[in-house]
Amino acid sequence: MAEIESAIAPHLRTERVVPGNTPDNFKPPFEIYASRYPPLMKELVFAIIGVQYSSSELNDGVAMEKLISFISSTAVPNHLRPTLGEVAAMTDNRSHYNIAMLAYWPDRRTWNEWSEQTGFQEWWSGLDPTNQQNGWFLEVFFPTMDRFETILTDTTMREGASYMRDNVSGPVLEHGYWGSMRDRLPVAQVDELVGEKAFLQAGGPKRPSTLTSRVRVPGKRNLAVIRSGQDWKETLPKERDLYLKMMRPALQAGMDFLHDHGDEVGCYSNRFMDIVGPNGETGKDRSFGLGYFDDLASLEAWSKSHPTHVNIFAVFMKYAKEMNNELSLHLYHEVSVLESSQQLFEYVSCHANTGMLASIRDND
Ligand code: HEM
């Protein structure tokens, strides 16, 4: 059996100024792993480039085709192309259909060069918000590696940023107790990561409707971003049935709560998205929650104490027991806690509750 090691990669370990939460002599109840990135990799880029329609019937595929043309453009050298580009979709609580390209690059410079050389930047800047058939959103995160952590339920799976890893850790120590996510984040060794605990209140001058505007939303100090995913495509009938009848409804309830009532727990935006084909084809058996929280503490509090995640956790324990802990379900988390300058949010012709627009909600 591989030896337990810290989730923090050796080159990112430093003397703790902020105490960790690992109980003394702690032994994790089961194994999970962390992706290991090349020590020379100082940052990564995670972009969500999305399209919004007032209803799914309006998705004629043209907008996504446009995005795909940039993502898979052969006009740029291979190394500028994203290491991963995949499409995901969700219908939000205003019945709008959101379909987005999720893509990763190994650093900001590669992203900048890709944006320029494919023509993406010029096209994006040229979108006229007053005459769009659909909304567009651009949410880009540039975490330095000390502000990023991934966990995976097995060593062979790859999701999201893990396509850029060069290795996988042994079973990690920091999991299986509340507060372990924070202990896995290298920067939390020296920083309490306090965020801006505030939703801007309504008031002040009325802005034009976001449906006909381009709005850039400023980054927030220590915004916490989680992508927490599920892959059940390898499950056999018994487990699949359990997943779809027991686990997924519990997860859906938690995701709905964050989407509909996120402001009660410091969550600006939460999308529960299914991985889909380029035209929105469903049935890929992979999904993820993508949540933006005002503070890592808010994300911790929701996961530890809110009945919806407490229930997700309890149902998962039951599910694992029913399967005698022999799971073909794969789970992963990616968490970043970002400086304001490591975030880019821009919305063109989107409704006012889209992504971080919710943080400046004042009309609509
Ligand atoms: C932690 C289950 C989805 C947020 C955990 C843990 C379990 C769990 C077992 C403890 C892990 C450990 O430390 O060993 C699940 C299952 C899910 C799911 C089975 C879906 C099927 C989500 C989603 C989110 C989320 C979608 C947020 C969008 C968190 C957070 C923690 C956590 C933030 C870490 C808490 C901490 O360490 O302080 N979850 N979860 N989970 N979960 Fe979930």
Side-chain angles (χ1 to χ4, degrees), residues 4 6-8 20-23 26-34 88 90 149-154 159-160 169 171-185 188 193 223-232 235 239-240 242-262 265-274 285-323 325 327-337:
I4 290 180
S6 172
I8 300 180
N21 304 299
T22 321
F26 180 71
K27 198 168 168 298
F30 54 94
E31 292 188 355
I32 60 172
Y33 311 87
M90 57 92 70
E149 67 102 2
T150 12
I151 48 166
L152 310 155
T153 49
D154 66 76
E159 288 277 0
S169 72
V172 303
L173 173 67
E174 299 91 345
H175 84 97
Y177 59 91
W178 301 114
S180 59
M181 167 178 61
R182 185 179 288 268
D183 288 351
R184 294 188 295 266
L185 274 164
L193 297 174
L223 184 84
V225 171
I226 182 165
R227 178 178 182 188
S228 172
Q230 308 78 37
D231 174 344
W232 64 100
T235 55
E239 186 177 356
R240 171 172 294 263
L242 276 178
Y243 182 77
L244 294 175
K245 297 213 172 107
M246 230 167 86
M247 194 67 255
R248 173 123 177 159
L251 178 57
Q252 182 79 54
M255 298 294 92
D256 287 350
F257 169 79
L258 288 178
H259 183 58
D260 297 339
H261 304 284
V265 293
C267 177
Y268 289 117
S269 165
N270 190 68
R271 304 188 180 103
F272 184 33
M273 307 192 83
D274 281 310
D285 296 348
R286 289 168 63 217
S287 62
F288 61 88
L290 177 65
Y292 307 157
F293 286 73
D294 61 1
D295 190 310
L296 189 63
S298 300
L299 174 57
E300 289 173 317
W302 173 76
S303 62
K304 178 182 176 187
S305 315
H306 194 270
T308 53
H309 190 270
V310 171
N311 189 47
I312 291 172
F313 189 92
V315 169
F316 179 65
M317 293 304 157
K318 215 165 132 196
Y319 170 98
K321 197 163 163 219
E322 294 258 345
M323 292 305 300
N325 293 322
L327 303 188
S328 300
L329 173 69
H330 304 287
L331 301 170
Y332 68 97
H333 281 191
E334 278 179 9
V335 175
S336 318
V337 179

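Count residues from 1 along the sequence. Just follow the structure's listing: the first ligand is 1, and inside any ligand the first atom is 1.
- Nearest protein heavy-atom contact of atom 38 (O) of ligand 1 is Gly179 N, 2.8 Å.
- In this structure, Phe293 and Trp302 have tilted ring planes: the angle between them lies in the 30° to 60° band.
- Residue contacts with ligand 1 leave out Gly291, since none of its heavy atoms falls under 4.0 Å from the ligand.
- With rounding to the nearest 0.5 angstrom, the CD atom of Glu239 is 10.0 Å from the CG atom of Leu244.
- The backbone N or O of Leu258 sits nowhere less than 3.5 Å from a side-chain atom of Asn270 that would complete a donor-acceptor pair.
- Between Trp178 and Phe313, the two ring planes are tilted [angle within 30° to 60°].
- Across all non-hydrogen atoms, the minimal contact from Ile4 to Pro28 is CD1-CD, 3.7 Å.
- Counting heavy atoms under 4.0 Å from ligand 1, residue Met255 touches it through the side chain alone.
- For atom 20 (C) of ligand 1, the closest non-hydrogen atom on the protein side is Leu251 CD1, 3.7 Å.
- Side-chain atoms of Glu174 and Thr22 include no donor-acceptor pair closer than 3.5 Å.
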Determine, step by step, whether Trp232 and Arg248 satisfy the side-chain contact (heavy atoms from CB on, under 4.5 Å) criterion, reporting the C-alpha distance in whole Å, the side-chain angles of both residues, the deciding distance to 0.1 Å, and the verdict.
-> CA-CA 10 Å; Trp232 64 100; Arg248 173 123 177 159; 3.4 Å; yes
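- Among all protein heavy atoms, the one lying closest to atom 13 (O) of ligand 1 is Gly176 N, 2.6 Å.
- The number of protein N/O/S atoms found under 2.8 Å from atom 43 (Fe) of ligand 1 is 1.
- Closer than 4.0 Å to atom 11 (C) of ligand 1 lies none of the heavy atoms of the protein.
- Applying the 4.0 Å criterion to heavy atoms of Trp178 picks out, from ligand 1, the atoms 35 (C), 36 (C), 38 (O).
- Of all the listed residues (Leu329, Leu299, Ile226, Val310), Ile226 holds the heavy atom that lies closest to atom 28 (C) of ligand 1.
- His330 meets the ring-ring contact (aromatic ring centres under 6.0 Å, His included) test with no other residue; sequence neighbours excluded.
- The part of Gln230 lying near ligand 1 is the side chain, judged by heavy-atom distances below 4.0 Å.
- With a 4.0 Å heavy-atom cut-off, ligand 1 is reached by the side chain of Trp302 but not by its N, CA, C or O.
- Counting heavy atoms under 4.0 Å from ligand 1, residue Phe272 does not touch it at all.
- Here the heavy atom of the protein found nearest to atom 37 (O) of ligand 1 is Met181 N, 2.9 Å.
- Nearest protein neighbour of atom 14 (O) of ligand 1, counting heavy atoms only, is His175 ND1, 2.6 Å.
- For ligand 1, the polar-atom distance check finds an N/O of Ser180 within less than 3.5 Å of one of the ligand's N/O atoms.
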